[in-house]
Amino acid sequence: MDSSKIIDGKAVAQKVEAEVSKAVAALKEKGIFPKLVTVLVGEDPASQMYVRMKHKACERVGILASDCLLSATISEKELLDVILSLNADKTVSSILVQLPLPKHICAQTVMNAIDPKKDADGFHPFNMGNLLINEEGLVPCTPKGIIRLLEEYKIDVQGKNAVVVGHSNVVGKPMAAMLLNRNATVSVCHIFTKDLKSYTINADILVIGVGVKHLIQEDMVKSGVVVFDVGINQDATGTHGDVDFANVIHKASLITPVPGGVGPMTIAILMTHVVQCAKLVAL
Ligand code: GUN
């Protein structure tokens with residue numbers, strides 16, 4: 001395997017965390033103490049693991065983190081009341097509600113209730129709307145992490161063909177908006193797209209996150225493509241991406257592995273958001 005082709009998300013995430021540590025120290029000098037509250041509803045093991053990883057990152061960069069653990073049977077109204085009290089709490093600079101939420105709770109209603117200034121995930125419609133008009137502030141962390149990787153690897157997207165596979169509010173749609181803001185020509189595909197290959201074969205930059213193990217094979221991409229794999233598919237043999245890394249790497253000029261590519265960047269960008277929120281709240 002040609003390791004010079006691998007986008008090292010872990011290394012870039014460490015660099016971002018070092019920047020955040022400095023920013024946090026500077027804020028503390030001014031008497032501002034960034035604090036993230038993670039709201040976790042229920043006991044889903046994957047969500048518990050993600051929240052633990054976020055708390056560990058906070059610890060590494062000097063951000064205060066606290067848990068708000070709620071029963072899976074909490075009503076939507078009770079959860080909204082929790083959010084409103086966190087909005088009003090001046091010691092809390094950022095709020096993150098771990099997704100997915102139980103089916104009886106509308107996730108968008110909950111996102112809408114978070115103070116946009118405390119919106120660590122960038123999921124509030126105010127922040128999403130700003131992204132669409134090229135006023136990027138707090139924006140979803142995974143696509144922002146990919147933009148940072150593009151910058152770190154000096155890949156100019158202007159005029160390039162970018163193909164995004166997936167149209168969720170968390171990755172696909174904000175990713176497409178960020179690439180469009182940087183003057184890429186963007187195609188957005190998804191699991192209902194007919195003849196996916198007819199799009200992916202033209203991609204200079206390919207971002208995929210649909211949760212289908214090894215959906216992208218080497219015959220679906222052109223030589224020199226830059227690939228960002230957001231897929232996380234667990235099975236008995238381990239964790240796999242949406243890209244068949246072992247064969248697509250032969251065609252790619254750069255590619256993210258799974259794990260160790262985009263994942264660590266999501267959390268590092270989240271840390272930058274907590275700093276951003278602390279500044280916005282202190283204004
Ligand atoms: N669940 C899976 N990814 C995410 C994320 O980026 N933020 C939140 N809040 N929940 C998630």
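Start at 1 and go down the list; that is how both ligands and their atoms are numbered. Fair warning: this is a prediction, and the values are worked out from it, not measured in the lab.
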| said: Pair Lys15, Glu19 - check salt bridge (charged side-chain N to carboxylate O under 4.0 Å, His left out), show working. | reply: CA-CA 6 Å; Lys15 183 174 169 186; Glu19 292 164 7; 5.2 Å; no

| task | State whether a side-chain donor-acceptor pair under 3.5 Å links Asn130 with Asn127. | result |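 Note: Asn130 and Asn127 side chains miss the donor-acceptor criterion.
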
| message | Please verify the inter-ring angle class for His214 with His240; under 30° counts as parallel, over 60° as perpendicular, anything in between as tilted. | response |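 Answer is perpendicular, since the angle exceeds 60°.
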
| query | Quick one: do Val248 and Ile205 end up in the same hydrophobic cluster if we chain Ile, Leu, Val, Met, Phe, Trp and Tyr together by side-chain heavy atoms under 4.5 Å apart? | reply |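 Cluster IDs for Val248 and Ile205 differ.
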
| task | For residues 43-64, pull every pair meeting salt bridge (charged side-chain N to carboxylate O under 4.0 Å, His left out), keeping only residues two or more places apart or in separate chains. | result |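 Qualifying pairs: Glu17-Arg60.
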
| task | Show the numbers, then the answer: is there a salt bridge (charged side-chain N to carboxylate O under 4.0 Å, His left out) between Asp156 and Arg182? | result | CA-CA 9 Å; Asp156 185 10; Arg182 289 159 181 80; over 6 Å; no

Give a table of atom pairs where an N or O of ligand 1 lies under 3.5 Å from a protein N or O.
from     : atom 1 : to     : atom 2 : distance (Å)
ligand 1 : 1 (N)  : Gln98  : NE2    : 3.2
ligand 1 : 1 (N)  : Leu99  : O      : 2.9
ligand 1 : 7 (N)  : Asp121 : OD1    : 3.1
ligand 1 : 7 (N)  : Asp121 : OD2    : 3.4
ligand 1 : 9 (N)  : Val97  : O      : 2.8
ligand 1 : 9 (N)  : Asp121 : OD2    : 2.6
ligand 1 : 10 (N) : Gln98  : NE2    : 3.4
ligand 1 : 10 (N) : Leu99  : N      : 3.0

